[in-house]
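Just below is one structure, and these are the notes that go with it.
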Amino acid sequence: MAVRSLNCKECGAGYELGAAFFCETCFGPLEVAYDNSGMDAEEAKRKIQAGSRGIWRYSDFLPFEGERPGDPLEPGLTPLVRADRLAERLGMGEVWIKNDAANPTHSFKDRVVAVAVAKAKELGFETVACASTGNLANAVAAHAAAAGLSSYVFVPADLEEQKLLATGIYGTNLVGIRGNYDDVNRLCTELSAERPWAFVNVNLRPYYAEGSKTLAYETIEQLGWQIPDRIVGPIASGSMFTKLGRGITEWLELGLVEGELPTFCGAQAEGCSPVATAFADGTSVCKPQRPDTIAKSLAIGDPADGPYALDLARSTGGSIESVTDDEITAGIRLLAETTGIFTETAGGVTMGVLEKLARRGDIDSDERVVVYITGEGLKTLDAARESFRMHEIDPTLADFEREFAAEVVA
Ligand SMILES: Cc1ncc(COP(=O)(O)O)c(C=O)c1O
Ligand SMILES: [Zn+2]
């Protein structure tokens, strides 16, 4: 597809392909528009299958005007694993885990950042920046280092230590703000008007968001060119969730795959659940909230794409649910025990919601469900701390046997 323009999602006004993110007429968000004419579905599939082993195999569906250069940190083609023991525990039929922690900086944010940094280079920027809840910080710092660009990364100062360490190490300018993510985002929006920088999720947001479509493309390819029946995924700003829908819709319209949109189920933490609250209240507006949850990566109180996430859940017969901090920890444990995958708190939120949907009987036994695990457990270690006990013993047989006396030795 040839990239054509930036179009307003609300009034449809078209803009040039520059560093712009809102409509000058109605202030609606801008989205990349493509010219699909002349694309042959079979030829497009062949090109994908002959492409690189990562997101750049989908370059024809990404917002670039020239060819993609080599990328030493190419994200993507992360495992999609069938989780039968998880399905059994939850009384479900067919569950798949898309483990997007298996990316260069261990979250799905590598996808959006790889696209935004490549676009920043195409547009001639020398400095990239972001407002982050943690994972984006890791990814921007790393991809800027790999691309030889300088970077400024803005985060709430009280972020998990692991996420701060996994950012600063790349030699970025790490700025901790005394405030929450929404304060960070406000400052970055102001700064984007003052500095000649590519803020990946502010003035480059339309391009950045396109990177999440690759999660949808990969899922379809990995399922043998089929669409799942249901998707369960996390929501912070709502961008990834809505772009999963956009990616599938594009391939349906272009004839690369047949079927219909899955049922979309979104997951939020109760301590920051503006989209789940609007869903429950039946409104289309997300009232801003002040976050208070262990799921810091999802702690966006004023989500830019919340209304579009609501539309997608409602129009596909899905829902947007929230879970407590205890349910998040239990969700991390459930995934680890049944699949060997250790996820961060965002994955705990997603697992908690999957468990809730299964318990409520919302999911039919013949449904094929794909669950998006978007981040790595080693980045939020505090959430795992209280969930098990280590057996500490002296280095003697007797002590071992005393400790495990109650267990039957096979
Ligand atoms: C691990 C993880 N999952 C999901 C999300 C949700 O992203 P979005 O803002 O696109 O909804 C984030 C956002 O920071 C994240 O860090
Ligand atoms: Zn507009």
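Numbers for residues simply follow the sequence, beginning at 1. All ligand and atom numbering here is 1-based and tracks the order in the structure.
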- Going by an N to O cut-off under 4.0 Å, is there a salt bridge joining Glu160 and Lys379? no
- Note on the structure: For Ala346, the ligand 1 atoms with a heavy-atom partner under 4.0 Å come out as 1 (C), 2 (C), 3 (N)
- Ser297 to ligand 1: N or O pair under 3.5 Å? yes
- Task: For Ser239, take its heavy atoms, then give the atoms of ligand 1 lying under 4.0 Å from any of them.
- Result: 8 (P), 10 (O), 11 (O)
- Task: Apply salt bridge (charged side-chain N to carboxylate O under 4.0 Å, His left out) to Arg186 and Glu190, showing your working.
- Result: CA-CA 6 Å; Arg186 206 171 312 113; Glu190 283 175 36; over 6 Å; no
- Query: Taking heavy atoms and a distance under 4.0 Å, where does Leu298 meet ligand 1: side chain, backbone, both or neither?
  - Reply: side chain
- Query: Is Met240 close to ligand 1, meaning an N/O of one under 3.5 Å from an N/O of the other?
  - Reply: yes
- Carboxylate-amine/guanidinium proximity below 4.0 Å for Arg111 and Glu218: yes
- Query: For Ile231 and Leu244, which heavy atoms make the closest approach, and how far apart are they?
  - Reply: CG2-CD1, 4.1 Å
- Query: With a 4.0 Å cut-off, would you call Asp305 and Arg205 a salt bridge?
  - Reply: yes
- Item | Identity and distance of the protein heavy atom lying nearest atom 2 (C) of ligand 1 | Thr374 OG1, 3.4 Å
- Item | Heavy atoms of other groups near Asp40 CG, more than 12 under 6.0 Å | yes
- Have a look at ligand 1 and work out which part of Ser107, if any, has a heavy atom under 4.0 Å from it: side chain, backbone, both or neither. neither
- Which residue and heavy atom of the protein sit nearest atom 1 (C) of ligand 1, plus the separation: Asn135 ND2, 3.2 Å
- Does the distance from a Lys or Arg side-chain N to an Asp or Glu carboxylate O, for Lys109 and Glu344, drop under 4.0 Å? no
- Based purely on interatomic distance, does Ile235 place a nitrogen or oxygen under 3.5 Å from a nitrogen or oxygen of ligand 1? no
- Look only at interatomic distance and state if Gly238 has a nitrogen or oxygen under 3.5 Å from any nitrogen or oxygen of ligand 1. yes
- Task: Measure centre to centre between the rings of Tyr170 and His143, then say whether the value is under 6.0 Å.
- Result: no
- Note on the structure: When distances are taken from atom 9 (O) of ligand 1, the protein heavy atom at minimum range is Ser237 OG, 2.7 Å
- Message: I need the SG(Cys23)-the Zn ion (ligand 2)-SG(Cys8) angle, rounded to 10 degrees.
- Response: 110°
- Query: Salt bridge or not for Glu321 and Arg360, using N-O below 4.0 Å?
  - Reply: yes
- Message: I need the atoms of ligand 1 closer than 4.0 Å to a non-hydrogen atom of Thr133, numbered in the order shown.
- Response: 14 (O)
- Carboxylate-amine/guanidinium contact Glu221 Arg57, below 4.0 Å: yes
- Report the part of Phe108 in contact with ligand 1, treating N, CA, C, O as backbone and CB onward as side chain, heavy atoms under 4.0 Å; options are side chain, backbone, both, neither. side chain
- May I ask you to identify the nearest protein heavy atom to atom 6 (C) of ligand 1, giving residue, atom name and distance to one decimal place in Å? Ala236 CB, 3.5 Å
- Query: Salt bridge or not for Glu88 and Arg85, using N-O below 4.0 Å?
  - Reply: no
- Note on the structure: So the angle subtended at the Zn ion (ligand 2) by Cys26 atom SG and Cys11 atom SG, rounded to 10 degrees, is 120°
- In ligand 1, the atoms that come under 4.0 Å of a heavy atom of Pro234 are 3 (N), 4 (C)
